[in-house]
Amino acid sequence: MEIKSANISAAAETFTIWFDGQPVQALPSETIAAALSRQNIVALRHNEQGEARGLWCGMGACYECVVEVDGKHSQRSCMTLVSEGMQIASRRRADSQPQPLATAPSLPAPPQRTCDLLIVGAGPAGLSAARIAARAGATVIVLDERPQSGGQFFKPLAASHLIAGKLPKQWRDGQQLLADAQAAGAEIIQQATVWAAFSPQEIAVIIDQQTTLIHARQLIIATGAYERPVPFPGWTLPGVMTTGAGQTLAKAYRVVAGERVVVSGNGPLNLQYSAELLESGGGIVELLERAAKPGIKHLRQMLTLLKVSPQLLLTGRHYLSVLKKHRVPVHWGQEVVAAHGSERLESVTVMRVDADGQRIAGSSRTIACDVLCLGHGFIPSTDLARMLGCEQQLSTTPFSTPLIKTDENGATSVPGVYVVGDGARLGGAQVALARGTLAAVSALSALGFTTDDNDSSSARGAVRGAEDFQRALWQLYQAPPVRLSSLADDTVICRCENISLGSLRTAIRQGIDTPAALKRNLRVGMGLCQGRTCSGMVVQLVEEMTQRQSDTEGFFAPRLPARPVPISLLAFEKKEWGGHKPAITPNLARPVETSPLALQKTDVLVIGGGVMGNCLGYYLADAGAEVLVVERDDINLQASGANAGSLHVQLLSFDFGAKAEQGGGPAAQTLPLGPLSVQLWQQLEAASGESLEIKITGGLMVAETPQEMRFLEQKIKLEQSYGIDACLLDATQLARLSPHLSPNLTGAEFCPMEGKINPLRATYVVNQMARNKGARFQRGTDVMAIEPLKSGGYRVQTSRGVIEARRVVNAAGAWAARIGEMVGAAIPVKGAPLQMVVTERAEPLIDHLIAHAGRHLSLKQTAHGSLLIGGGWSAGFNPAMRMNQSQRESIEGNLWVATRVLPALERLHMVRSWAGMNINIDGAPIIGELPTQRGFYNAVTSNGYTLAPVVAHSLTQLILSGSSDINLAPYHISRFN
């Protein structure tokens with residue numbers, strides 16, 4: 001249903017776009033979502049389960065409305081402008097010809113720009129800051145992701161419409177602010193995607209389909225907020241959207257996708273939208289507000305509103321009068337509890353709620369409707385600030401993410417970085433305008449520019465008044481608490497990955513009870529929206545079920561990119577580096593448990609809860625040993641949970657020849673272990689009765705040059721001497737085996753025994769198997785000292801108390817050297833942070849584990865369809881955040897190699913990059929008892945995920961019987977003497 005008020009009309013003739021083969025009339029300068037909504041098309045795509053999905057947030061944050069556009073995958077229909085003849089598809093067709101998302105860079109490196117002040121976000125706060133800074137003479141660049149400036153508040157009318165007569169005040173104010181900033185000299189760039197903040201002085205952005213780096217002396221982040229989800233059964237149906245999405249359609253494009261609209265939630269935005277829609281000709285059925293109806297007890301708040309801003313109070317009364325005039329009922333203390341329909345919304349179920357948020361029995365009723373707009377407040381957009389390591393604090397708002405700590409000027413804990421507007425804390429447009437001014441004045445002072453003192457004083461006064469108004473307003477709209485406990489198990493929590501509340505509850509009851517563990521196990525938060533929608537709900541669910549208080553470190557870690565970005569735009573050739581780069585391996589633990597424990601005793605104490613520690617727990621317990629595994633954080637969180645899941649059998653390219661450590665001898669000695677360990681993984685999968693997503697389809701190490709083919713010939717000869725099945729393929733044979741690989745490859749080594757496993761699942765399955773056998777696991781237990789006892793065994797001091805054990809196994813991975821020092825042993829193990837990249841889901845492209853003969857690369861396609869790209873590119877360590885972080889140069893080089901090998905990557909987005917801690921020894925594991933300390937064993941290996949079962953199984957035999965089935969002598973620590 002199209003809506004037009006009397007003074008607004010279409011600015012141009014329509015043209016035709018095509019949706020699933022059907023013609024749709026569209027207006028220039030409107031989005032795909034607006035054009036389809038105008039024709040009452042709300043089912044925009046189908047997910048992997050075949051369920052229809054539609055517009056949700058309407059502002060590009062949730063990625064629910066992605067469609068295929070002219071063969072390009074995952075285009076946000078709410079952000080993509082229409083063009084004549086555009087072909088749009090709701091799902092990927094088997095017969096379609098996927099197109100590259102962008103042209104690969106022609107430059108050797110990203111172009112760079114500099115400025116005094118960079119502002120991210122062109123809403124009220126960002127434009128206010130830009131105006132002040134540009135007037136003072138600073139060079140100012142403003143980046144904004146949307147087609148037009150103004151943000152959620154100003155929401156300018158699209159160029160597809162003309163307005164005759166006087167503009168509404170909100171539009172006038174927004175246009176004036178934009179004009180003032182531009183007139184002062186600020187450069188404002190629309191449709192600019194800021195995808196990473198590598199440092200305050202290096203911001204990566206996509207502008208006009210080109211990656212650009214902006215180096216700014218000061219940075220203001222004014223990215224605003226997105227609407228807070230409150231889930232219920234059916235909330236993913238097309239036709240259910242946020243109030244902000246409905247308001248954007250109505251105000252910017254003069255359209256609403258339906259005839260009977262229900263508005264529900266909490267806050268004045270719902271009232272404003274309902275009145276505006278009615279005045280524009282839309283049809284509102286009911287307005288439902290969770291808060292109780294204000295009464296005489298709110299007199300003080302009403303007087304405050306009247307004192308601070310009588311005009312705004314009168315505006316609110318006007319909105320209510322509009323609803324009364326159109327006979328639209330306003331129900332206080334009620335909420336939607338379920339939505340119903342098949343391909344789109346058909347009706348909702350409504351119930352009353354009491355002061356504690358409990359639904360009142362017997363109050364259920366049904367409302368027929370075709371659109372439901374939900375507004376429950378907002379969540380600050382903190383991606384970039386968290387990426388930079390700005391100090392955070394918990395939000396008291398349900399389902400929200402941590403807030404960024406700032407002073408009154410918006411300054412954060414990171415020098416030169418300011419966060420203002422609703423992206424800092426929710427306060428509305430007037431607070432945002434004033435805070436933008438204060439941040440600009442503070443940044444200008446740091447830059448040495450002179451500012452007008454009146455700017456600061458008037459802004460501070462505006463902040464005080466606006467905050468008083470907001471405080472009183474939200475006391476009127478004080479809603480009862482929101483909890484997940486009343487929701488049915490089939491309620492979807494993660495919209496991207498279709499993860500239900502029931503699956504999360506089951507995992508938590510099984511002990512997978514941290515947000516990070518749930519993410520690894522169930523893929524919650526791993527979709528295109530990168531956890532924006534579900535992360536707060538996951539944290540609250542964990543808190544509700546475990547009764548553990550949340551903290552800022554308990555949320556999903558900030559990962560780049562901040563938005564999915566086309567891989568082809570990031571592929572810049574980088575020089576290959578020679579081998580692993582050892583790095584500091586500090587204590588990265590964020591303990592889940594901290595309570596002290598009484599003295600514990602065990603036969604075998606395993607230190608380290610990664611894949612090695614869990615395999616040891618299983619094999620030792622299965623053999624009848626009493627075993628306790630301690631982990632200073634939570635299991636599977638460092639090297640084990642951050643690796644790409646390759647099952648290597650052949651030598652990696654840098655473990656053979658001139659690049660190899662110790663001439664490649666130690667690495668060659670490990671070759672017999674690979675096939676045995678893969679077989680053990682297969683046995684573990686069979687014994688568990690669950691899928692570990694093991695797929696043994698073989699590994700390909702590809703070559704691009706004749707020299708690399710000769711390298712592979714020599715490597716194959718050595719591997720065959722150790723019993724590894726491997727052969728050389730020419731270009732024709734390679735193309736037949738893996739047709740999507742580049743036709744420019746000259747050949748490859750094929751190793752049939754190689755494959756892949758899901759490390760985000762496998763460790764947890766082994767953990768459960770070990771527990772079932774009687775192994776004990778203890779989190780949050782940092783080993784601080786180890787003392788040999790005269791009577792034999794060891795006394796181990798930990799952060800949670802003392803453990804006495806007859807035998808100790810050092811399975812601490814990259815931190816094994818620290819554990820060795822406690823017993824006077826030098827364990828030659830170092831950490832090497834490495835980065836990995838994952839793409840969006842794609843059609844089947846590769847079935848093998850792909851490596852490269854001359855460059856660092858590992859490439860595989862997961863069971864979910866995404867591609868994992870790694871291979872040993874360096875990451876860095878951020879001491880302020882105590883996190884390993886991906887580095888831009890490594891991402892660029894890694895993607896350049898990957899796209900040369902698999903050109904189809906050019907039509908995919910990078911969804912996430914992360915850094916794990918690799919273990920660097922000499923190419924071979926360290927297995928066995930310390931010669932100087934009886935009963936103290938090492939179980940440490942690089943290529944750890946592949947080799948964990950065989951190392952753990954062999955060491956179990958050695959510990960319990962004094963010998964093992966395989967000769968462990970080549971892997972003993974004595975080889976370093």
Side-chain angles (χ1 to χ4, degrees), residues 610-623 640 643 645-652 655-656 664-688 692-699 701 715-716 718-727 749-759 762-763 765-766 769-770 809 811 813 849 851 919 921-928 937-972 975:
V611 64
M612 185 68 74
N614 279 273
C615 286
L616 281 162
Y618 171 73
Y619 287 121
L620 284 163
D622 186 52
S640 299
N643 82 100
S646 301
L647 293 178
H648 292 294
V649 170
Q650 64 176 308
L651 292 172
L652 299 175
D655 280 333
F656 177 76
Q669 293 283 345
T670 69
L671 284 167
L673 300 180
L676 294 173
S677 204
V678 171
Q679 292 170 4
L680 286 172
W681 270 123
Q682 292 171 317
Q683 292 173 17
L684 287 169
E685 183 175 53
S688 73
L692 307 186
E693 298 178 21
I694 295 174
K695 200 171 183 181
I696 307 300
T697 54
M701 183 171 287
K715 188 167 82 75
I716 290 170
L718 173 67
E719 290 164 342
Q720 289 175 339
S721 72
Y722 280 90
I724 300 299
D725 183 9
C727 64
E749 174 185 356
F750 178 57
C751 183
M753 193 60 183
E754 288 199 312
K756 52 199 172 187
I757 189 172
N758 184 356
T763 305
V765 172
V766 174
M769 294 172 69
V809 181
L849 173 62
I919 301 167
I921 312 177
D922 63 350
I926 301 175
I927 314 172
Y937 298 83
N938 287 301
V940 191
T941 177
S942 50
N943 194 13
Y945 218 90
T946 300
L947 298 183
V950 72
V951 172
H953 184 266
S954 300
L955 187 59
T956 294
Q957 291 179 324
L958 181 66
I959 290 172
L960 299 184
S961 67
S963 64
S964 68
D965 293 340
I966 61 176
N967 179 20
L968 297 179
Y971 318 119
H972 197 266
R975 72 179 186 268

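The chain is numbered in sequence order, starting from 1. Just so you know, these numbers come straight off a predicted model, no measurement behind them.
Across every non-hydrogen atom of Met769 and Ser688, the tightest pair is SD-CB, 3.5 Å. Between Ala952 and Leu616, the shortest heavy-atom contact is CB-N, 3.6 Å. The two residues Tyr937 and Leu955 make their nearest non-hydrogen contact at CD2-CD1, 3.8 Å. Of all non-hydrogen atoms in Tyr945 and Asn758, the two that sit nearest each other are OH-O, 4.5 Å. Contact detail for Ala726 and Gln720: the closest heavy-atom pair is O-NE2, 2.8 Å. In plain terms, the two heavy atoms of Ala924 and Pro666 that are nearest each other are CB-O, 3.3 Å.
Looking only at distances, a side-chain donor or acceptor of Ser961 sits under 3.5 Å from a matching main-chain atom of Ser963. Between the Asn967 side chain and the Ala969 main chain, a donor and an acceptor come within less than 3.5 Å of each other. Here the side chain of Asn614 pairs no donor or acceptor atom with the backbone of Val611 at under 3.5 angstrom.
Evaluation of the salt bridge (Lys or Arg N to Asp or Glu O under 4.0 Å) rule for Lys715 yields Glu719, Glu749 as partners, not counting sequence neighbours. The side-chain hydrogen bond (donor to acceptor under 3.5 Å, both in side chains) check on Ser942 picks up nothing, with sequence neighbours excluded. Residues satisfying the ring-ring contact (aromatic ring centres under 6.0 Å, His included) test with Tyr971, not counting sequence neighbours, are none. In this structure, His648 has no ring-ring contact (aromatic ring centres under 6.0 Å, His included) partners at least two apart in sequence or on a different chain. Legend: residues meeting side-chain contact (heavy atoms from CB on, under 4.5 Å) with Ala623, ordered by chain and number and at least two apart, are Thr956, Leu960.
With contacts defined as side-chain heavy-atom distances shorter than 4.5 Å, the pair Gln682/Ile696 qualifies. Residues Ile927 and Ser954 have side chains not in contact (no heavy-atom distance under 4.5 Å, counting atoms from C-beta outward). Between Lys756 and Leu849 there is no side-chain heavy-atom pair separated by less than 4.5 Å.
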Derivation of the side-chain contact (heavy atoms from CB on, under 4.5 Å) call for Leu947 and Met612: CA-CA 9 Å; Leu947 298 183; Met612 185 68 74; 5.9 Å; no

message: Using side-chain contact (heavy atoms from CB on, under 4.5 Å), reason through Val951 and Tyr619 one step at a time and then give a plain yes or no.
response: CA-CA 10 Å; Val951 172; Tyr619 287 121; over 6 Å; no

task: Please report the C-alpha distance between Ile959 and Val809 in whole Å, then the side-chain angles of each, then the deciding distance to 0.1 Å, and finally whether the side-chain contact (heavy atoms from CB on, under 4.5 Å) criterion is met.
output: CA-CA 10 Å; Ile959 290 172; Val809 181; 3.7 Å; yes

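Put simply, SG on Cys615 and CG on Leu684 are 6.0 Å apart, with the number rounded to the nearest 0.5 Å. In this structure, CD1 on Ile716 lies 11.0 Å from CG on Leu651, to the nearest 0.5 angstrom. Atoms CG and NE2, from Asn938 and His972 in turn, are 8.5 Å apart once rounded to the nearest 0.5 Å. Within the model, atoms CZ of Phe750 and CD of Gln650 stand 10.0 Å from one another, a figure rounded to the nearest 0.5 Å. In this structure, CD1 on Ile926 lies 5.5 Å from CZ on Arg975, to the nearest 0.5 angstrom. In this structure, the separation between CD1 on Ile919 and OG on Ser640 is 7.0 Å, given to the nearest 0.5 Å.
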Would you tabulate the side-chain donor-acceptor contacts of residues 667-678 under 3.5 Å, counting partners in other chains and residues two or more places apart, or write 'none'?
from	atom 1	to	atom 2	distance (Å)
Thr670	OG1	Ala667	O	2.6
Ser677	OG	Thr946	O	2.5
Ser677	OG	Val950	N	3.2

